[in-house]
Amino acid sequence: MEILSDLNPAQRTAVTAPDGPILVLAGPGSGKTRVLTQRIAYLIREAGIEPWHMMAVTFTNKAAREMASRVSLILGGNPQGITLGTFHATCVRLLRRESSSLSKYDSNFLIFDTDDQRRVVAKAIADLNIDTSRFQPVRILNNISKAKNEIVTADRYSAYNYISEVTRRVYQRYQEILIANNAMDFDDLLMNTVLLLDEQPTILERYQRRYEHILVDEFQDTNTVQYELLTRLAAFHGNIFVVGDADQSIYRWRGADFRNIKRFQDHFTNSQLILLEQNYRSTQNILDAAKAVIRQNHDRVDKELFTDRTGGELVKIIEAYNESDEANAVLDIITALENQGISPGSCAIMYRTNAQSRVLEDAFIRADKDYRLVGATRFYSRREIKDLISYLRVVYSSTDSVSFARIINTPTRGIGRKTLDLFYAWADQHHWQPGEAILALVADSDLQHPFSARAYSALTHFGKKLSAWVELSKQITVGDLLDSILAAIDFRTYLDDGTEVGQDRWANIMQLRGVAVEYEEHDLGQFLEQVALVSDVDNLEDSADVPTLLTLHSAKGLEFPVVFIIGLVDGTLPHNRSLSDGEEIAEERRLFYVGLTRAKERVYLSYTFRRTSYGESEVTVPSRFLSDIPLDLVAGGDVRHRRQQTVTKASSWDWPASSSPRTPETRSRPRKQLPEPNLRTPRTERPRTPILTEAKYKSGQNVHHSKFGDGTVIESKLTGSDEEVSVAFPGIGVKKLVASMAKLEMKD
DNA sequence: GGATCTCATGTTTTT
DNA sequence: CATGAGATCC
């Protein structure tokens, strides 16, 4: 049976597992996506299950797409009727189909994204006259989101202190606003689905009977609502097949709880456990390093990951003085690898925070090298994109007050604060949402209103346009509607102010237009739903052979022959914010683990002696995670000593050459009540590691390099325990080489 | 109503 | 340092 060929015994057991609850714990690179897709194919083809009776859920659109395409590849066609998609998309479909049973929404409800949510919270806070100076609105939003993840509705939310009392009130108002807008936020999509199933036993039963098999990817990332949704749906047939890895759980801060794995086992007492422990991705050395790191986390079930790719390159540790040296070192290595025939496109540079990409980008730009940056500002959250989408949303749904507020005076059209206040108050009197009000104003010229002639003219001018678009939207495609709006508001003139930024903005609009034009066959509502639920315009461009820059979070699920993880410094990885909490440090370690296990062939880990944070240079300590890796797997020095040393003799790393004398006026504001860093002197003074005090290479020295041939040293500078040698190779040029890595031979 | 200044803030981000 | 939100000024 070809579905089962090429599977190892454990994978085969999983794919062909009998009915009942199945828990597959899949280590990194163990072929979990493969198992999921083969399982679907197996169920359809061998077990004779109708695709219509199956549900497969993922967290990302990308994963869903990949699963769908792989299944159809095996089966030689798309399985018709299968429910396959993200949790959110699946819930939206269900909610729309059952919208007649939703008491507070109609089937055209909109989906509010994070940005919209912020605005709604701000509105709620304003409505309630709450003083925001005492806390950040986002914190309240966070609390609301957490509540929804726990299926706690506004009226069941109970307050136990000041902030939660504020949250309770804002939550209540927030929900009223959403309902008035006929909109759900991301969390609502999940929570309302579970609530609906709980309130409507017949609907629940219908879906329970329908889904004979439920399959779940990345189960460790489920939160409470998602878990509850799954257990409800699986209650009748009990065939729930979940795949996950607690060690790769890195979204705790978003409500994900890998304890759901344990919960699953406790709930489905008859569940079968299958371990996928063979890693097909990394070399033995890399895998061993990663295992040593993750083993430092407590309260976990150890998996015995193994690979038959014995040996391999050692994990290389790179020391750099500061971030730009670090970036240059990375670039140098990439160049060196390229000279060895390893393409730049096989390299990925990973970091903890997005801000770290900047220094890298600078280095790439200065070296005139291309790179690909993953993430950063998401396409659909760019201001101009959201503005334009807000136009579409108001056209589609005149109850959307959030979008209305966004566009009513963008581009400016003489409707200012005073006019707006009056307008909102007037709309409120009539129990209209602003969009409805402005349409009413132009629909009936005899309508009583309190506006001055000037305000009335400005309002109706816009209202007439809006009303025309609403009519148009029923007749023409989304693309044409978009063009019509762009022309009517002269968006290009507004955006493209001649600066580069302005041109980029307009280019983004054109990109959105391109997406819209492709949706010709769909209606506006479907288009808006896509835009809301699709994370980003497919970050394709896999073609370019250039290094990828990405955060450790966004690296999950990917793999690269060469992986750099930079900024391995306490405070960055693990991040400052996590240092006080063991659970959070454990998550940071998992993050590091995820990064390490992305690598197939080579891993480079780098740290700096100093870093600049918030404009101030400070001494740093090599990450505690570095010392988790056994020395025999590492090339590039014993970090343990360095950690000790840096802690005890932090100031000894001050480099007179680079650190400019601190003058009083460059001193930054005093640190807030941050606790003093816990830098206690170790009880036993460790012997100092020999620090290189003298350069091994001197200017004028003739050397030989395996790739570049013979050359002459121009200069050599010390970088702690290593030295960086600049060598001129005739006919090639000047190369900066790290002495311990370059394997230079002394000539003469 | 719009431009300009000041001050606080500073992780990660599947949908 | 760099960015964004709110206040203030024109």
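Lettering of chains follows the sequences in order, A, B, ..., and the numbering in each one begins at 1.
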Q.
Does E218(A) reach a base, just sugar-phosphate, or nothing at all? Heavy atoms under 4.0 Å.
A. nothing

Q. So what does R252(A) touch, heavy atoms closer than 4.0 Å: a base, only the sugar-phosphate, or nothing?
A. nothing

Q) In terms of the angle between their ring planes, are F219(A) and Y227(A) parallel, tilted or perpendicular, with boundaries placed at 30° and 60°? A) tilted

Q: Using the test side chain to side chain contact (heavy atoms under 4.5 Å, CB included), find all partners of E361(A) that sit at least two apart in sequence or belong to another chain.
A: S357(A), Y371(A), L373(A), L549(A)

For residues 107-115 of chain A, tabulate all N or O donor-acceptor pairs below 3.5 Å that involve a side-chain atom, not counting sequence neighbours.
residue	atom	partner	partner atom	Å
N108(A)	OD1	Y396(A)	OH	3.1
D113(A)	OD1	D115(A)	N	3.0
D113(A)	OD1	D116(A)	N	2.9
D113(A)	OD1	K386(A)	NZ	3.1
D113(A)	OD2	K386(A)	NZ	2.9
D115(A)	OD2	R119(A)	NE	3.1
D115(A)	OD2	R406(A)	NH1	2.8

Q: Give the rounded distance in Å between these two atoms: CD1 of I125(A) and P of dG6(C).
A: 11 Å

Q. dT3(C) phosphate, OP1 or OP2: any side-chain N/O from R358(A) under 4.0 angstrom?
A. yes

Q | Results of side chain to side chain donor-acceptor pair (under 3.5 Å) for S324(A) - residues two or more places apart only | A | N322(A)

**Q.** ring-ring contact (aromatic ring centres under 6.0 Å, His included) assessment of Y424(A) paired with W426(A)
**A.** CA-CA 5 Å; Y424(A) 282 137; W426(A) 174 74; over 10 Å; no

**Q.** Aromatic contact, F491(A) with Y494(A) (centres under 6.0 Å)
**A.** yes

Q. Could you give the CD-to-C1' distance, from E616(A) to dT9(B), as a whole number of Å?
A. 16 Å

Without placing hydrogens or testing angles, list every side-chain donor-acceptor pair under 3.5 Å for residues 573-582 of chain A, not counting sequence neighbours.
residue	atom	partner	partner atom	Å
H575(A)	ND1	R577(A)	N	3.1
S578(A)	OG	H575(A)	O	2.7
D581(A)	OD1	E583(A)	N	2.9

Enumerate the protein-to-nucleotides 1-4 of chain B contacts in which both atoms are nitrogen or oxygen and the separation is below 3.5 Å.
residue	atom	partner	partner atom	Å
dG1(B)	OP1	G416(A)	N	2.6
dG1(B)	OP2	R417(A)	N	2.9
dG2(B)	OP1	T412(A)	OG1	3.1
dG2(B)	OP2	N409(A)	ND2	3.4

I'd like a table of atom pairs between the protein and nucleotides 11-13 of chain B - only N or O on both sides, under 3.5 Å - with the distance next to each one.
residue	atom	partner	partner atom	Å
dT11(B)	O4'	H575(A)	NE2	3.2
dT11(B)	O2	R352(A)	NH1	2.9
dT11(B)	O2	R352(A)	NH2	2.4
dT12(B)	OP1	N354(A)	N	2.7
dT12(B)	O4'	R352(A)	NH2	3.0
dT12(B)	O2	W253(A)	NE1	3.2
dT12(B)	O2	R352(A)	NH2	2.6
dT12(B)	O2	H553(A)	NE2	3.4
dT13(B)	OP1	T551(A)	OG1	2.5
dT13(B)	OP2	N354(A)	ND2	3.0
dT13(B)	O2	R254(A)	NE	2.8
dT13(B)	O2	R254(A)	NH2	3.2

Q) Taking atom P of dA2(C) as reference, at what distance in whole Å does atom CG of D362(A) sit? A) 10 Å

Q.
Parallel, tilted or perpendicular, judged at 30° and 60°: which one describes the rings of H88(A) and F186(A)?
A. perpendicular

